Amino acid sequence: MGPAPAGAQVRGAAGEPEVMEPALEGTGKKGKKGSSKKRTVAGSPGEGLLQPVKLSRAELYKEPTNEELNRLRETESLFHSSLLRLQVEELLKEVRLSEKKKERIDAFLREVNQRIMRIPSTPETELTDQAWLPAGVQVPLHQVPYAVKGCFRFLPPAQVTVVGSYLLGTCIRPDVNVDVALTMPREILQDKDGLNQRYFRKRALYLAHLAHHLAQDPLFGSVHFSYTNGCHLKPSLLLRPHGKDERLVTVRLHPCPPPDFFRPCRLLPSKNNVRSAWYRGQSPPGNGSPEPPTPHYNTWVLQDTALESHMQLLSTVLGSALGLKDGVALLKIWLRQRELDKGLGGFSGFLVSMLVAFLVSTRKIHTTMSGYQVLRSVLQFLATTDLTVNGISLCLSSDPSLPALADFHQAFPVVFLDSSGRLNLCADVTASTYHQVQHEARLSMVLLDSKADDGFQLLLMTPKPMIRAFDHVLHLHPLSRLQAACHRLKLWPELQDHGGDYVSAALGPLTTLLEQGLGSRLHLLAHSRPPVSEWDISQDPPKHRDSGTLTLGLLLRPEGLTSVLELGPEADQPEAADFRQFWGSRSELRRFQDGAIREAVVWEAASMAQKRLIPHQVVTHLLALHADIPDTCVHYMGGLLDVLMQGLKEASNTKGRMVVSQGEELVLVPNVEAILEDFAILGEGLVQAVEARSERWTV
């Protein structure tokens with residue numbers, strides 16, 4: 001099943017069960033009969049109580065039907081218990097769209113298609129001449145630098161196509177989003193639009209003209225701009241119905257070029273499409289040196305050209321396989337509960353859908369599997385496969401002109417290629433995010449293998465934000481300090497590649513810096529960027545510093561955590577200079593008992609509580625030394641239990657009695673009730689302290 005125009009009837013797969021909404025009482029003859037019957041039952045003595053079902057002896061002991069036998073076999077082979085099957089089925093019923101809501105969404109999509117095709121065209125002007133834009137709409141893009149070559153005019157889209165999870169039948173409630181691709185006519189585009197953000201400027205102007213006309217239509221209750229997956233170069237237009245259906249659906253419009261417009265060889269990860277002379281106003285350093293590659297910029301252009309091909313691939317793989325669709329829905333819930341799918345670089349539902357397609361192509365998942373089996377298979381693959389080392393590909397072609405996986409590993413930390421062999425689906429996913437996904441997948445597999453009674457609740461029903469998942473959490477605020485960090489770390493090529501997004505440019509080097517400094521103390525470092533909220537079409541787009549706070553989570557190892565010594569190389573070794581440069585003034589020469597003279601760093605910590613907070617000293621020192629981020633911008637949350645534990649210890653000493661043992665020694669026999677009371681106080685105080693610190697620094 002390929003992509004269908006937005007004006008066409010958009011329905012789920014034929015094999016998908018209908019989830020009917022309860023009919024309203026009191027409508028029609030059937031409603032009257034039902035209400036009269038209810039009034040009769042209401043007068044019974046057991047009003048409001050469930051009555052046992054009365055079965056005859058023959059019905060009670062009759063043999064199970066073939067359908068019941070098949071269901072029992074499926075439960076035994078596809079689930080490890082009947083309870084888990086019931087829980088999964090009920091959860092899927094809750095998040096699946098009903099047929100009535102689909103019909104209302106389809107009707108709204110047809111109206112949207114008609115409105116878009118009626119929008120008038122505009123005369124051709126220079127890209128820098130934007131006087132034709134009305135006063136009530138702003139271009140949803142930071143045009144820096146402003147001067148750019150090229151011309152633009154608006155023409156209605158050549159094709160309107162529904163793409164994404166709605167057409168596949170894998171979208172889940174409560175937030176129902178329908179992605180619509182608007183194929184821009186070739187007459188709008190020029191051969192060199194892939195250079196210097198020309199394509200992205202035209203894309204933003206196309207959306208601005210659409211927004212101005214659609215905002216005047218009474219069909220829409222709200223018309224806003226938003227960033228697509230947090231990418232500030234790729235805004236989208238959000239449309240919501242007017243009236244009671246305002247929360248029914250959000251339609252997201254994505255302008256895109258014709259699939260074969262850009263030459264793929266010009267968008268490889270080793271190519272440059274943002275000239276230094278244009279972006280920085282100067283040539284790259286060195287006489288005749290090549291331009292730095294722009295792999296992320298090239299990927300964002302390729303993503304728009306591949307919307308329809310990805311939709312066709314997923315439609316072919318998922319098809320009428322209800323188990324695969326249920327598995328994708330469960331994986332989306334799993335990601336959402338752990339906040340792994342948020343913002344730029346998140347592990348989105350689209351990625352897990354493509355991962356399911358990959359596992360089907362490699363025969364690790366079969367189309368007859370249940371949703372629970374698909375969930376287990378994907379989690380097992382994530383837990384055991386490191387895509388930062390060995391990437392995977394959906395491409396089956398042996399074309400020698402295609403780049404190798406090693407070429408993508410040089411440009412991106414995580415590699416997962418699509419069926420074309422040129423687009424990295426995980427281009428925006430950082431190594432830290434993928435390692436966090438791996439860590440959560442391992443924990444989930446241990447939970448599933450244990451067959452615990454509360455496994456389903458912990459796996460899919462319990463939110464697990466960063467404050468619950470990590471030992472120490474730190475917030476970097478304000479984000480404008482990261483702009484100075486980019487200058488300090490000399491990240492000009494990264495800024496050029498990310499279009500000036502200094503948060504994304506600095507994120508990878510900062511996490512690498514902290515991982516190196518924390519060393520054996522660290523088990524996992526993860527980051528979280530809050531998604532940029534949508535904005536009105538009359539407002540300027542949010543700036544990079546407006547995205548709030550960059551949060552880093554540290555999962556620590558007990559071994560080596562309390563060590564006050566960082567032991568470096570011997571003074572006469574070549575590595576000693578690198579050690580001194582990394583640690584700065586903290587590094588000093590020391591003579592040890594074995595006679596060796598080594599570089600070393602000693603942290604100040606007198607008590608055990610202070611030793612557990614040594615990571616705080618490491619983080620603040622390295623950020624100030626290498627990234628020019630002062631400690632006033634680092635809001636660290638750790639060691640919150642120490643004060644409570646000390647208070648608990650002092651309180652417990654007063655709640656007991658001294659007795660004389662057989663060895664004539666005084667022994668304190670504590671009061672058990674007092675200890676339980678102390679633990680209750682400890683829990684309440686911990687929750688209050690964590691919430692207070694979290695609310696204080698979270699923006």
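Numbers here simply count residues along the sequence, with the first being 1. These numbers were taken from a predicted model, which means no experiment stands behind them.
Between the side chain of S236 and the backbone N or O of L253, no donor-acceptor pair lies under 3.5 Å. The backbone N or O of L382 sits nowhere less than 3.5 Å from a side-chain atom of T385 that would complete a donor-acceptor pair. Not one N or O on the side chain of H296 forms a donor-acceptor pair closer than 3.5 Å with the backbone of D428. N229 contributes no side-chain N or O that, together with a main-chain N or O of C231, makes up a donor-acceptor pair within less than 3.5 Å. Judged purely by atom type and a 3.5 angstrom limit, T433 has no side-chain atom pairing as donor or acceptor with the backbone of V429. Under a 3.5 Å cut-off, the side chain of R203 and the backbone N or O of L233 do not form any donor-acceptor pair. With hydrogens and angles disregarded, a donor-acceptor distance shorter than 3.5 Å links the side chain of T228 to the backbone of K234. Side-chain atoms of D471 do not come within 3.5 Å of backbone N or O of L555 as any donor-acceptor pair. Side-chain atoms of E246 do not come within 3.5 Å of backbone N or O of G221 as any donor-acceptor pair. Judged purely by atom type and a 3.5 angstrom limit, K325 has no side-chain atom pairing as donor or acceptor with the backbone of G371.
Salt bridge status for K464 with E339: absent, with no side-chain N to carboxylate O gap under 4.0 Å. Ion pairing between a basic and an acidic side chain is recognised when a charged N comes within 4.0 Å of a carboxylate O; E103 and K100 show no such pairing. Using a 4.0 Å cut-off between charged nitrogen and carboxylate oxygen, R240 and D245 do not count as a salt-bridge pair.
Distance check: F456 CZ to L83 CG gives 9.0 Å after rounding to the nearest 0.5 Å. Here L552 contributes atom CG and M466 contributes atom CE; the two are 7.5 Å apart, rounded to the nearest 0.5 Å. Summarising the geometry, atom CZ belonging to R96 is positioned 11.5 Å from atom OG1 belonging to T170; distances are rounded to the nearest 0.5 Å. Considering OH of Y166 and CD1 of I105, their distance stands at 4.5 Å, rounded to 0.5 Å. The CD1 atom of I333 lies 6.5 Å from the CG atom of L92; values are rounded to the nearest 0.5 Å. Note: L375 CG to S444 OG = 8.0 Å, rounded to the nearest 0.5 Å.
Side-chain contact check for D304 and H254: no donor-acceptor pair (N or O, by modelled atom type) lies under 3.5 Å. No side-chain N or O of S222 forms a donor-acceptor pair with one of H224 less than 3.5 Å apart. Between the side chains of S370 and R85, no donor-acceptor pair is found at a separation under 3.5 Å. A side-chain donor-acceptor contact under 3.5 Å links T430 and H527.
Looking only at side-chain heavy atoms (C-beta outward), F262 and L267 come within less than 4.5 Å of each other. Proximity of L141 to P541: side-chain heavy atoms (C-beta onward) are nowhere separated by under 4.5 Å. Using a 4.5 Å cut-off on side-chain heavy atoms (C-beta onward), L554 and L522 make contact. Side-chain contact between C426 and F412 is absent, with no heavy atoms from C-beta onward closer than 4.5 Å. Between Q159 and E308, the closest side-chain pair of non-hydrogen atoms falls below 4.5 Å. The closest side-chain heavy-atom distance from L479 to T549 is not below 4.5 Å. In this structure, P542 and Y227 have side chains that are in contact, with non-hydrogen atoms separated by less than 4.5 Å. Counting only heavy atoms from C-beta outward, the side chains of S393 and F416 never approach each other to under 4.5 Å.
Within the structure, salt bridge (charged side-chain N to carboxylate O under 4.0 Å, His left out) pairs that include any residue of residues 342-359 do not occur (at least two apart or interchain). Every pair passing salt bridge (charged side-chain N to carboxylate O under 4.0 Å, His left out) that includes a residue from residues 163-184 is listed here, sequence neighbours excluded: D179-R252.
For the salt bridge (charged side-chain N to carboxylate O under 4.0 Å, His left out) test, residues two or more places apart in sequence or in another chain that qualify with D449 are R376. Listed by chain and number, the residues in a salt bridge (charged side-chain N to carboxylate O under 4.0 Å, His left out) with E515 amount to none (sequence neighbours excluded). For the salt bridge (charged side-chain N to carboxylate O under 4.0 Å, His left out) test, no residue two or more places apart in sequence or in another chain qualifies with R468.
Taking the ring centroids of H498 and Y297, they lie at or beyond the 6.0 Å cut-off. A distance of 6.0 Å or more separates the ring centres of W300 and Y199.
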For this session: Please report the C-alpha distance between R115 and L214 in whole Å, then the side-chain angles of each, then the deciding distance to 0.1 Å, and finally whether the side-chain contact (heavy atoms from CB on, under 4.5 Å) criterion is met.
Result: CA-CA 7 Å; R115 264 68 169 182; L214 295 179; 3.9 Å; yes
Problem set entry | Residue pair E89, K93: steps toward the salt bridge (Lys or Arg N to Asp or Glu O under 4.0 Å) verdict | CA-CA 6 Å; E89 289 178 349; K93 288 179 182 179; 5.8 Å; no
For this session: For side-chain contact (heavy atoms from CB on, under 4.5 Å), just list the numbers for V176 and T250, CA-CA rounded to whole Å, side-chain angles, deciding distance to a tenth of an Å, and then say yes or no.
Result: CA-CA 6 Å; V176 179; T250 299; over 6 Å; no
For this session: Check the pair M637, L474 against side-chain contact (heavy atoms from CB on, under 4.5 Å), reporting the backbone distance first and the verdict last.
Result: CA-CA 6 Å; M637 295 172 56; L474 60 117; over 6 Å; no
For this session: List the steps, then state whether side chain to side chain donor-acceptor pair (under 3.5 Å) holds for T551 with R529.
Result: CA-CA 7 Å; T551 304; R529 294 178 60 181; over 6 Å; no
For this session: Please test H523 against L556 for side-chain contact (heavy atoms from CB on, under 4.5 Å), starting from the C-alpha separation and ending with a verdict.
Result: CA-CA 5 Å; H523 177 69; L556 303 172; over 6 Å; no
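Residue I116 comes nearest to P157 through the heavy atom pair CG2-CG, 3.6 Å, listed as atom of the first residue, atom of the second, then distance. Closest heavy-atom contact between L219 and V112: CD2-N, 4.5 Å. In terms of heavy-atom proximity, S432 sits nearest to A526 at CB-CA, 4.4 Å. For the pair L237 and I537, the tightest heavy-atom approach, listed with the atom from each and the gap, is CD1-CG2, 4.4 Å. Shortest non-hydrogen contact noted between W334 and L340 is CZ3-CD1, 4.2 Å. Scanning all heavy atoms of the two residues, the minimum distance from L423 to S420 falls at N-OG, 3.8 Å.
Below 30°, between 30° and 60°, or above 60°: for F225 and W535 the angle between ring planes is between 30° and 60°, a tilted geometry.
A side chain to side chain contact (heavy atoms under 4.5 Å, CB included) with V415 is found for exactly one of V389, L387, L405, namely L405.
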Quiz: residues 344-364 side-chain donor-acceptor pairs under 3.5 angstrom, not counting sequence neighbours:
residue: S348; atom: OG; partner: L351; partner atom: N; Å: 3.4
residue: S353; atom: OG; partner: G349; partner atom: O; Å: 2.9
residue: S361; atom: OG; partner: F358; partner atom: O; Å: 2.5
residue: T362; atom: OG1; partner: F358; partner atom: O; Å: 3.1
residue: T362; atom: OG1; partner: L359; partner atom: O; Å: 3.2

